[in-house]
Amino acid sequence: MAKGSLKKIYAKNTAYMQNAFSIAGAVWLIYIGVEVLWGYDSMTWGSWILLAFYLAVNGYILSSLRSMGRATFDERGQVTDVRMNLDAPGYIEYHWDLLYITWAIMILTLYTAWALVLYLGVPAYAFYLFKDFTKGSGEAQEDDDADKSRRERRAAKRKPAVPPQQRK
């Protein structure tokens with residue numbers, strides 16, 4: 001990978017993490033301000049457990065994203081390697097989705113505790129992804145046929161049905 005693209009990925013990763021920490025700070029200020037400072041008298045032990053849960057989920061996701069997006073530098077300060085692109089689909093995208101859902105649920109639980117039901121969508125979505133992952137190889141074969149070049153498809157069509165030794 002060229003050094004220029006590594007610098008671009010590192011710059012994008014840094015911008016993503018700065019935005020994520022800014023949004024997380026704003027969400028936490030709103031949540032702490034409303035739930036703890038304004039509604040302290042109505043807080044139960046369940047509210048404190050929920051606060052600890054939100055803290056654990058946010059902390060884990062943000063720290064794992066930060067570690068996945070880290071870069072290594074040489075002695076001159078040049079980027080030599082970036083672990084992962086934080087804009088990549090798959091595992092990292094699932095982290096971002098979970099973070100956004102957690103933020104939305106944090107704000108919605110200030111209005112109603114029923115917003116926690118939205119967390120049921122997380123394992124349901126994971127099950128959906130796993131189900132697609134474990135499907136048979138029939139679809140993989142169709143994808144392989146689509147990826148073949150035009151020349152390979154024509155050559156496959158021209159092959160005789162019976163091998164030459166058995167034609168006699």
Side-chain angles (χ1 to χ4, degrees), residues 1-37 47-110 115-153:
M1 194 181 291
K3 298 283 185 190
S5 62
L6 285 175
K7 289 179 185 177
K8 288 178 185 176
I9 291 172
Y10 173 68
K12 282 175 59 174
N13 287 352
T14 303
Y16 283 141
M17 289 312 300
Q18 286 174 349
N19 289 340
F21 281 112
S22 298
I23 294 169
V27 169
W28 275 99
L29 281 174
I30 292 168
Y31 188 80
I32 295 291
V34 172
E35 185 72 19
V36 177
L37 299 177
S47 300
W48 290 105
I49 291 174
L50 193 59
L51 181 74
F53 174 74
Y54 288 148
L55 185 63
V57 170
N58 272 284
Y60 170 74
I61 293 173
L62 286 172
S63 67
S64 65
L65 283 172
R66 185 177 52 186
S67 69
M68 284 188 274
R70 258 195 201 122
T72 54
F73 300 94
D74 61 6
E75 57 277 346
R76 293 177 290 152
Q78 299 292 321
V79 178
T80 58
D81 186 33
V82 177
R83 288 187 184 176
M84 292 181 140
N85 184 357
L86 293 182
D87 197 22
Y91 184 69
I92 295 176
E93 187 177 40
Y94 191 66
H95 271 68
W96 286 114
D97 292 344
L98 187 58
L99 190 63
Y100 298 147
I101 289 170
T102 302
W103 290 339
I105 291 173
M106 281 177 72
I107 298 301
L108 289 174
T109 53
L110 293 174
L116 291 171
V117 173
L118 294 175
Y119 260 131
L120 295 176
V122 174
Y125 182 65
F127 178 74
Y128 170 75
L129 290 178
F130 183 72
K131 184 181 66 114
D132 282 349
F133 178 73
T134 58
K135 273 189 179 174
S137 61
E139 289 181 7
Q141 180 66 28
E142 292 173 11
D143 291 342
D144 289 343
D145 290 341
D147 289 341
K148 285 183 181 178
S149 69
R150 184 177 175 192
R151 175 185 269 173
E152 289 172 337
R153 286 193 302 260

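Quick note: numbers below take in every heavy atom, side chains included, and nothing from hydrogens, waters or symmetry partners. Because the structure is a prediction, the values reported are computed rather than measured.
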*Residue pair Val122, Tyr94: steps toward the side chain to side chain contact (heavy atoms under 4.5 Å, CB included) verdict*: CA-CA 9 Å; Val122 174; Tyr94 191 66; 3.4 Å; yes
Pairs meeting criterion salt bridge (Lys or Arg N to Asp or Glu O under 4.0 Å) with involvement of [range], two or more places apart:
{"range": "residues 91-109", "value": "none"}
{"range": "residues 59-78", "value": "Asp74-Arg76"}
{"range": "residues 81-91", "value": "Lys12-Asp87"}

*Could you pull out all residues at least two apart from Ala104 that satisfy side-chain contact (heavy atoms from CB on, under 4.5 Å)?*
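For Ala104 there are no side-chain contact (heavy atoms from CB on, under 4.5 Å) partners, ignoring immediate neighbours.
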*Name all residues meeting the side-chain contact (heavy atoms from CB on, under 4.5 Å) criterion together with Val117; count only those two or more places apart in sequence or in a different chain, and write none if there are none.*
Trp114, Leu120
*asked:* Tell me every residue that passes side-chain hydrogen bond (donor to acceptor under 3.5 Å, both in side chains) with Tyr119, counting only those two or more places apart in sequence or in another chain.
replied: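 With sequence neighbours excluded, Tyr119 shows a side-chain hydrogen bond (donor to acceptor under 3.5 Å, both in side chains) to Thr102, given in chain and number order.
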_All side-chain hydrogen bond (donor to acceptor under 3.5 Å, both in side chains) counterparts of Thr72, not counting sequence neighbours_ = Thr80
*asked:* So which atom in Leu108 and which in Ala115 form the shortest heavy-atom distance, rounded to 0.1 Å?
replied: CB-CB, 3.5 Å
*Show your working on side chain to side chain contact (heavy atoms under 4.5 Å, CB included) between Leu50 and Tyr31 and close with a plain yes or no.*
CA-CA 11 Å; Leu50 193 59; Tyr31 188 80; 4.2 Å; yes
*Could you grab the distance from atom CD1 of Ile30 to atom CD1 of Ile107, nearest 0.5 Å is fine?*
4.5 Å
*State the OG1-CG distance between Thr109 and Leu51, to the nearest 0.5 angstrom.*
10.0 Å
*asked:* For the backbone of Leu86 and the side chain of Asn13, can you confirm whether one donor and one acceptor N or O come within less than 3.5 Å of each other?
replied: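 Answer holds: yes.
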*asked:* I'd like to check the ring-ring contact (aromatic ring centres under 6.0 Å, His included) partners of Tyr16; sequence neighbours left out, ordered by chain and number.
replied: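 In terms of ring-ring contact (aromatic ring centres under 6.0 Å, His included), with neighbours along the sequence ignored, Tyr16 is linked to no residue.
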*side chain to side chain contact (heavy atoms under 4.5 Å, CB included) between Lys7 and Gln78: does it pass, once the steps are laid out?*
CA-CA 8 Å; Lys7 289 179 185 177; Gln78 299 292 321; 3.2 Å; yes
Result block: side-chain N/O donor-acceptor pairs under 3.5 angstrom for residues 57-64, not counting sequence neighbours:
| unit_1 | atom_1 | unit_2 | atom_2 | d |
| --- | --- | --- | --- | --- |
| Asn58 | OD1 | Trp103 | NE1 | 2.8 |
| Asn58 | ND2 | Tyr54 | O | 3.0 |
| Ser63 | OG | Gly59 | O | 2.9 |
| Ser63 | OG | Tyr60 | O | 3.1 |
| Ser64 | OG | Tyr60 | O | 3.1 |
| Ser64 | OG | Ile61 | O | 3.0 |
| Ser64 | OG | His95 | NE2 | 3.2 |

Please set out all donor-acceptor pairs under 3.5 angstrom arising from side-chain atoms of residues 17-28, sequence neighbours excluded.
| unit_1 | atom_1 | unit_2 | atom_2 | d |
| --- | --- | --- | --- | --- |
| Asn19 | ND2 | Ala15 | O | 3.4 |
| Ser22 | OG | Gln18 | O | 2.9 |

